[in-house]
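Whatever order the structure lists them in is the order used to number ligands and atoms, beginning at 1.
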Amino acid sequence: MKINIRLKNESETRRLGEFIGGLLKGGEVITLIGDLGAGKTTLTQSIAKSIGIEEDITSPTFTIVNEYEEGVGLNHFDVYRIGDSDEMFDIGFDEYIESGRVNIIEWANIIEDILPEERLEICLEYEIDGRTANISSKGSKYDEILKAIEGKFKIA
Ligand code: ADP
Ligand code: MG
């Protein structure tokens with residue numbers, strides 16, 4: 001399944017993130033793809049807020065992953081500086097994915113070859129007057145999430 005949603009401003013990006021966060025139970029994988037400034041971290045912050053994380057979320061650019069324990073928990077990856085997918089195994093990527101926390105991966109396209117097959121993938125396209133989110137689901141759990149999003153947001 002695949003849908004496009006038009007996000008006119010930052011608050012619309014945050015509204016989408018908060019809605020998605022409300023659908024998560026833990027253990028999900030959400031991959032974020034888009035250029036610098038496309039809104040990946042903004043979306044992560046709003047998802048984190050709605051799963052009950054009160055700490056400030058910043059991109060873990062130098063650490064690759066930040067873990068948050070509140071609520072169902074969050075593993076927030078930013079793999080921008082990773083040289084090779086193999087480095088992800090060195091940091092225990094599989095254990096994170098199996099941890100039961102929500103997993104959000106910024107720049108997921110860089111480690112495409114090791115991503116779990118089943119996931120929600122959000123591609124953010126930068127536009128001068130906003131963003132377009134192309135959201136696709138792989139796997140029945142994520143199809144359900146996408147259907148809920150489709151029912152709530154105006155499709156571009
Ligand atoms: P990334 O993590 O992809 O590099 P950030 O979330 O750090 O991007 O930054 C995105 C920037 O774009 C922020 O300044 C934010 O205010 C802005 N932004 C987010 N969503 C939108 C939108 N829908 N329209 C316009 N600006 C947006
Ligand atoms: Mg970022």
Which of the listed options, [options], holds the heavy atom that is closest to [atom]?
atom: atom 6 (O) of ligand 1; options: Thr58, Thr42, Leu32; value: Thr42
atom: atom 21 (C) of ligand 1; options: Ile5, Thr44, Thr13; value: Thr13
atom: atom 22 (C) of ligand 1; options: Leu43, Asp35, Asn9; value: Asn9

Quick check: does [X] get an N/O under 3.5 Å from an N/O on ligand 1?
X: Gly130; result: no
X: Lys40; result: yes
X: Gly34; result: no
X: Gly39; result: yes

So how far is it from [X] [atom1] to [Y] [atom2], rounded to the nearest 0.5 Å?
X: Glu118; Y: Asp143; atom1: CD; atom2: CG; answer: 8.5 Å
X: Ile5; Y: Ile135; atom1: CD1; atom2: CD1; answer: 4.0 Å
X: Arg81; Y: Ile110; atom1: CZ; atom2: CD1; answer: 10.5 Å

- Query: Where is the tightest heavy-atom contact between Tyr96 and Asn75, given as atom of each residue plus distance?
  - Reply: O-ND2, 3.0 Å
- Write down the atom of Gly17, the atom of Ser46, and the distance for their closest heavy-atom approach. CA-OG, 3.3 Å
- Task: Answer yes or no: are there more than 12 heavy-atom neighbours, outside Glu98 itself, under 6.0 Å from its atom CD?
- Result: no
- Query: Under 4.0 Å from any heavy atom of Glu106, which atoms of ligand 1 are there?
  - Reply: 2 (O)
- What atoms in ligand 1 come closer than 4.0 Å to a heavy atom of Leu36? 4 (O)
- Query: So, Asn134 versus Glu125: side-chain donor-acceptor pair below 3.5 Å or not?
  - Reply: yes
- Query: Quick one: do the Glu106 and Ser59 side chains pair a donor with an acceptor below 3.5 Å?
  - Reply: yes
- Item | Charged tip of Arg119 within 45° of Tyr142 ring normal and under 6.0 Å | no
Any idea which protein heavy atom is nearest [atom], and the distance to it?
atom: atom 25 (C) of ligand 1; result: Arg131 NH1, 3.6 Å
atom: atom 14 (O) of ligand 1; result: Glu10 OE1, 4.8 Å
atom: atom 4 (O) of ligand 1; result: Gly37 N, 2.8 Å
atom: atom 7 (O) of ligand 1; result: Thr41 CB, 3.7 Å

- Item | Any Phe153 side-chain heavy atom under 4.5 Å of Glu12 side chain | no
- Answer whether the closest heavy-atom distance between the side chains of Phe89 and Asp94 falls below 4.5 Å. yes
- Using non-hydrogen atoms of the residue, decide whether Glu12 is closer than 4.0 angstrom to ligand 1. no
- the Mg ion (ligand 2) to Thr41: any N/O/S contact under 2.8 Å? yes
- Message: For a distance under 2.8 Å, tell me if Asp78 has an N/O/S atom near the Mg ion (ligand 2).
- Response: no
- Would you name the N/O/S atom of Glu106 that lies closest to the Mg ion (ligand 2)? OE1
- Message: Residue-level breakdown please: for Lys8 versus ligand 1, do any non-hydrogen atoms fall below 4.0 Å on the side chain, on the backbone, on both, or on neither?
- Response: backbone
